[in-house]
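Below, chains carry the letters A, B, ... as their sequence lines are ordered, and counting in each starts from 1. What you see is a predicted model; the values in this text were computed from it and never measured.
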Amino acid sequence: MLALRPEGTAPVVRAYVQHRPVLPWKAWYMAPMLRHERPQAARYRQHHQLGIEVLGVADADLDVEVIWVAREFFTVLGLADVSLRIGSMGDATCRPAYLVLLTEYLEAHRDELCDEHRDRFQLNPMRVFDCKRPECRAVTAGAPKLVDHLCDACAAHFERVREGLKSLGISFEVDPRLVRGFDYYTRTTFEFASGAIEAAQNALCGGGRYDGLVEMLGGDPTPGIGFGMGIERLLVACDAEGVFPVDPPGLDAFVVDVAGGEAARAITTRLRDAGLACDRAFDGRSMKAQMKLADRSGATVALIVGPAEAASGTVLVRPLRSEGDQVPVPADAVVDAVVDAVRRAAGLEDRR
RNA sequence: GUGGGCGUAGCUCAGUUGGUUAGAGCGCCAGGUUGUGGCCCUGGAGGUCGGGGGUUCAAGUCCCCUCGCUCACCCCA
């Protein structure tokens, strides 16, 4: 049997169950993931997910820490248009009673649900909360919310999370619709979304507490929490917010050689050995064509070698990005000349 | 899985009720400059019109099939 890994939490938990690291255990991963659903904007068949997981800590302050890590990551990248929603899934004490309550409510409003959920809501009543059809939205708007029916312990946990986020200056919104589909999820759920992404898929990071998962995978009951974020979608958000510079840096020098190419061969090698970025033309093209390539390369200077320079052992250093005359320099001083020119050009940049 | 949109030059796209050698802009190449980029001018190269089949005197254009891309629904562990 072949399986394509869809996410990172279960593998990390399996690794924990097998290897029994000392608790608390903090792990992270970044790996390719695959999805079965059809691709669409910002949702690819294969993508990469970055995630963290912490096992062995039930403290709500850890929930805050995990959320903070994600928030901090966005901040460091320079993303500003990111919003956080949080919710609670309750636990084995309060959720069963709530599900009975919710199911009763949905039964009573069965005819008002959308075609799909009318016959399916019993399977997983909470899923109706993230149905986008107006019929279901209307019904769930008045439905009992899990966050209002938490047991004392879960309510206290949730309150501690909210208080912690506030104390760290992390703004958030409690969203009763933020639910998860599996039983092993407990208590805190959260999701970061980008307001800059136009596409329908704008969630950057989803996470939550899964105090039941380790046990489900064969380990002793162990609390856990983590998040996963999609790298490609993150990059879409970065592009949308313009947080990365757009222009790739140009070359330091471009060698124009119309004297046979030997000088170009020697000079490019010498410049590269000195750590400078340079390129040259090939195929014995005309000076005009070579100069055009030099310009297009974004080079700071063109280094020109014609028959006269070849004969006298010099190189013409011609500035391409600034005013200034081209000057001849001895061939063995060309590295210094380029370093000078690049430094001067950088200085001009800074003064802008 | 369901539905919509789109496949024509390297790129972005026009292409009328079917009708001569399928066009534009940008890019590329050469020339105008005999040793000099950008701006401009002139010329040039480059296309199985996604693929296959059909209708027709004639198909980029109409019909069927197929492949691919894309967006949304769905899904969202």
Taking the six-membered ring for Trp, are A/Y98 and A/H149 parallel (under 30°), tilted (30 to 60°) or perpendicular (over 60°)?
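Correct class here is tilted.
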
Is there a Watson-Crick or G-U wobble partner for B/G60 with both distances under 3.5 Å, and if so, which one is it?
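By the stated definition (distances under 3.5 Å), nothing pairs with B/G60.
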
Complementary nucleotide for B/U2 - Watson-Crick or wobble, under 3.5 Å:
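Paired with B/U2, as far as the under-3.5 Å criterion goes, is B/A72.
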
If you measure from the [atom1] atom in [N] to the same atom in [M], how many Å do you get, rounded?
{"N": "B/G46", "M": "B/A30", "atom1": "P", "result": "16 Å"}
{"N": "B/U20", "M": "B/C63", "atom1": "C1'", "result": "25 Å"}
{"N": "B/C64", "M": "B/G5", "atom1": "P", "result": "14 Å"}
{"N": "B/U16", "M": "B/C74", "atom1": "P", "result": "37 Å"}
{"N": "B/U17", "M": "B/C76", "atom1": "P", "result": "47 Å"}
{"N": "B/C73", "M": "B/C13", "atom1": "P", "result": "23 Å"}
{"N": "B/C28", "M": "B/G23", "atom1": "P", "result": "23 Å"}

Any [X] side-chain N or O less than 4.0 Å from OP1/OP2 of [N]:
{"X": "A/K132", "N": "B/C74", "result": "yes"}
{"X": "A/R43", "N": "B/C71", "result": "no"}
{"X": "A/R318", "N": "B/U36", "result": "no"}

Tell me the interatomic distance from A/N202, atom CG, to B/C71, atom C1', rounded to whole angstroms.
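Interatomic distance, CG of A/N202 to C1' of B/C71: 15 Å.
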
Please state how far atom CE in A/M291 lies from atom C1' in B/G37, giving the value in whole angstrom units.
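Going from CE in A/M291 over to C1' in B/G37 covers 4 Å.
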
Among [options], the one nearest [X] by side-chain distance:
{"X": "A/I304", "options": "B/G35, B/G37, B/A77", "value": "B/G35"}
{"X": "A/Q201", "options": "B/U2, B/G32, B/C76", "value": "B/C76"}
{"X": "A/A200", "options": "B/C73, B/U36, B/G38", "value": "B/C73"}
{"X": "A/E37", "options": "B/A77, B/G37, B/G35", "value": "B/A77"}
{"X": "A/P6", "options": "B/G35, B/A77, B/G37", "value": "B/A77"}
{"X": "A/E309", "options": "B/G35, B/A77, B/C73", "value": "B/G35"}

Tell me, yes or no, whether the heavy-atom count around [X] atom [atom1], taken from other residues, nucleotides or ligands under 6.0 Å, exceeds 12.
{"X": "A/D148", "atom1": "CG", "value": "yes"}
{"X": "A/D273", "atom1": "CG", "value": "yes"}
{"X": "A/K26", "atom1": "NZ", "value": "no"}
{"X": "A/E232", "atom1": "CD", "value": "yes"}

With a 4.0 Å cut-off on heavy atoms, is [X] in touch with a base, just the backbone sugar-phosphate, or nothing at all?
{"X": "A/A199", "answer": "sugar-phosphate"}
{"X": "A/A41", "answer": "sugar-phosphate"}
{"X": "A/K292", "answer": "sugar-phosphate"}

Of A/E198 and A/A289, the one whose closest RNA chain B nucleotide lies more 5':
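Looking at the nearest nucleotide for each, A/A289 comes out on the 5' side.
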
Counting only distance, no hydrogens or angles, is the base of [N] paired donor-acceptor with the side chain of [X] under 3.5 Å?
{"X": "A/R296", "N": "B/G38", "result": "no"}
{"X": "A/R127", "N": "B/C75", "result": "no"}
{"X": "A/Q326", "N": "B/G35", "result": "no"}
{"X": "A/Q40", "N": "B/C74", "result": "yes"}

Think A/R14 forms a cation-pi with A/Y16, using NZ or CZ under 6.0 Å from the six-ring centre and within 45 degrees of its axis?
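Here A/R14 fails the 6.0 Å and 45° test against A/Y16.
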
If every non-hydrogen atom of A/A299 is compared with every non-hydrogen atom of A/R321, which pair is closest and at what distance?
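Heavy atoms only, the tightest pair is O-NE, 2.8 Å.
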
